A.B. asks: 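Below are the structure tokens for one structure; questions will follow.
Since the structure is predicted, the reported quantities are computational estimates derived from the model, not experimental observations.
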Amino acid sequence: MNLYLSTSDTAINTLYTSSDGTVLYKTHTPTKLSGKTTTTISRAVPSDIPMREGESALEQIGEQRFALLAQIDWRLISPTIIRFGGKEVEASSYLLKDGAGWGWYTKNRVFTGPDGKEYKWILHNDSKAMKLIRKQLVTNDASQRPIAVYHRKHHGYFHPKREAFLEVLPQAEHMLDIVLITYVFVEKIRKENEEAAATV
């Protein structure tokens, strides 16, 4: 399954659509001068599921309803908090730094999936350009089998034109929500690292 980003330069303010254009997820992050911002990740509610009495959708785009999936409270000094599935965890304890990579921001992140297995976001970087060029989610074992890969947008100059998308392989579709939540986190980290490297 491919999740296409409607806005390729940010994972925290975009729509994630399927190959046929169906919106599956939505992220929204209002800008705050205090530095304390919250990303809300919403999941589309299938149209064949009726709204229960007294229930209201978090947001609606046309006929499509959305329900709250997760929130990430970004903090500069105190720990960043991830809330999902009725739990609240510190990002640093849920997505553990693996120790590889250039600089603090590009360290690989390891987490335990709902199936009890460990997975790792590998953050590749171009050491000369000091810029991240690819991310992939792999099983955290000797095989390091890829289960999700982020593909950057191509403008059509040297490669066929395409939108940015997150490719989720069949073996990870059972935990699609978790893949997306952790992707949003590591993608914001990548973005911050690129911006910091550009000022060096």
A.B. asks: If you round to the nearest 0.5 Å, how far is CD1 of Ile41 from NZ of Lys26?
C.D. replies: 11.5 Å

A.B. asks: Evaluate the side-chain contact (heavy atoms from CB on, under 4.5 Å) criterion for residues Tyr25 and Asp177: first the C-alpha distance (whole Å), next the side-chain angles of each, then the deciding distance (0.1 Å), finally the verdict.
C.D. replies: CA-CA 9 Å; Tyr25 296 92; Asp177 290 348; 2.5 Å; yes

A.B. asks: Let me confirm one number: the NZ-NE2 distance from Lys135 to His151, rounded to the nearest 0.5 Å.
C.D. replies: 10.5 Å

A.B. asks: Examine Phe111 and Leu176 and state if one hydrophobic cluster contains both, with Ile, Leu, Val, Met, Phe, Trp and Tyr joined whenever side-chain heavy atoms are less than 4.5 Å apart.
C.D. replies: yes

A.B. asks: Tell me whether Thr80 contacts the main-chain N or O of Arg75 through its side chain, where contact means a donor paired with an acceptor under 3.5 Å.
C.D. replies: yes

A.B. asks: Could you report the tightest heavy-atom contact between Pro146 and Leu169, atom names first, then the distance?
C.D. replies: O-CD1, 3.2 Å

A.B. asks: Take Trp121 and Leu137, measure what side-chain contact (heavy atoms from CB on, under 4.5 Å) needs, and give me the verdict at the end.
C.D. replies: CA-CA 4 Å; Trp121 277 106; Leu137 181 62; 3.8 Å; yes

A.B. asks: Of the non-hydrogen atoms in Ile181 and Ala70, which two are nearest, and what is the gap between them?
C.D. replies: CD1-CB, 3.6 Å

A.B. asks: Which atom pair, heavy atoms only, marks the closest approach of Val168 to Glu173?
C.D. replies: O-OE2, 3.9 Å

A.B. asks: Can any side-chain N or O of Gln71 pair as donor or acceptor with the backbone N or O of Ile82 at less than 3.5 Å?
C.D. replies: no

A.B. asks: Listed by chain and number, what are the side chain to side chain donor-acceptor pair (under 3.5 Å) partners of Thr29, not counting sequence neighbours?
C.D. replies: Thr39

A.B. asks: What distance separates Ser78 OG from Glu90 CD, expressed to the nearest 0.5 Å?
C.D. replies: 9.0 Å

A.B. asks: So which heavy atom on Tyr94 is nearest to which on Thr112, and how close?
C.D. replies: OH-O, 3.7 Å

A.B. asks: Ile81, Leu96: one ILVMFWY side-chain cluster at the under-4.5 Å cut-off?
C.D. replies: no

A.B. asks: Quick check: do Thr139 and Tyr119 have side-chain heavy atoms less than 4.5 Å from each other?
C.D. replies: yes

A.B. asks: If two hydrophobic side chains count as joined below 4.5 Å and joins carry through other members, does Phe165 share a cluster with Val184?
C.D. replies: no

A.B. asks: Knowing that exactly one of Thr182, Leu180, Ile147 qualifies, which makes a side chain to side chain contact (heavy atoms under 4.5 Å, CB included) with Met175?
C.D. replies: Ile147

A.B. asks: Please tell me whether Val110 and Ile189 are part of a single hydrophobic cluster in this structure, the criterion being side-chain heavy atoms less than 4.5 Å apart.
C.D. replies: no

A.B. asks: Rounded to the nearest 0.5 Å, how far does CG of Leu166 lie from CG of Asn2?
C.D. replies: 8.5 Å

A.B. asks: Can you measure from CG (Leu69) to OG1 (Thr27) and round to the nearest 0.5 angstrom?
C.D. replies: 11.0 Å

A.B. asks: How close do Tyr4 and Ser19 get, heavy atom to heavy atom, and via which atoms?
C.D. replies: CE1-CA, 3.8 Å

A.B. asks: Residues in side chain to side chain contact (heavy atoms under 4.5 Å, CB included) with Leu5, at least two apart?
C.D. replies: Thr14, Tyr16, Tyr183

A.B. asks: With rounding to the nearest 0.5 Å, note down the distance linking OG in Ser6 to CD in Glu163.
C.D. replies: 9.0 Å

A.B. asks: What are the two closest heavy atoms between Val45 and Gln64, and how far apart are they?
C.D. replies: O-NE2, 2.9 Å

A.B. asks: Do Val89 and Phe84 come close enough that some side-chain heavy atom pair is under 4.5 Å?
C.D. replies: yes

A.B. asks: Report yes or no: does Thr37 contribute a side-chain atom to a donor-acceptor pair with the main-chain N or O of Trp74 at less than 3.5 Å?
C.D. replies: no

A.B. asks: Report yes if the side chains of Lys120 and Arg109 come closer than 4.5 Å at any heavy-atom pair, otherwise no.
C.D. replies: no

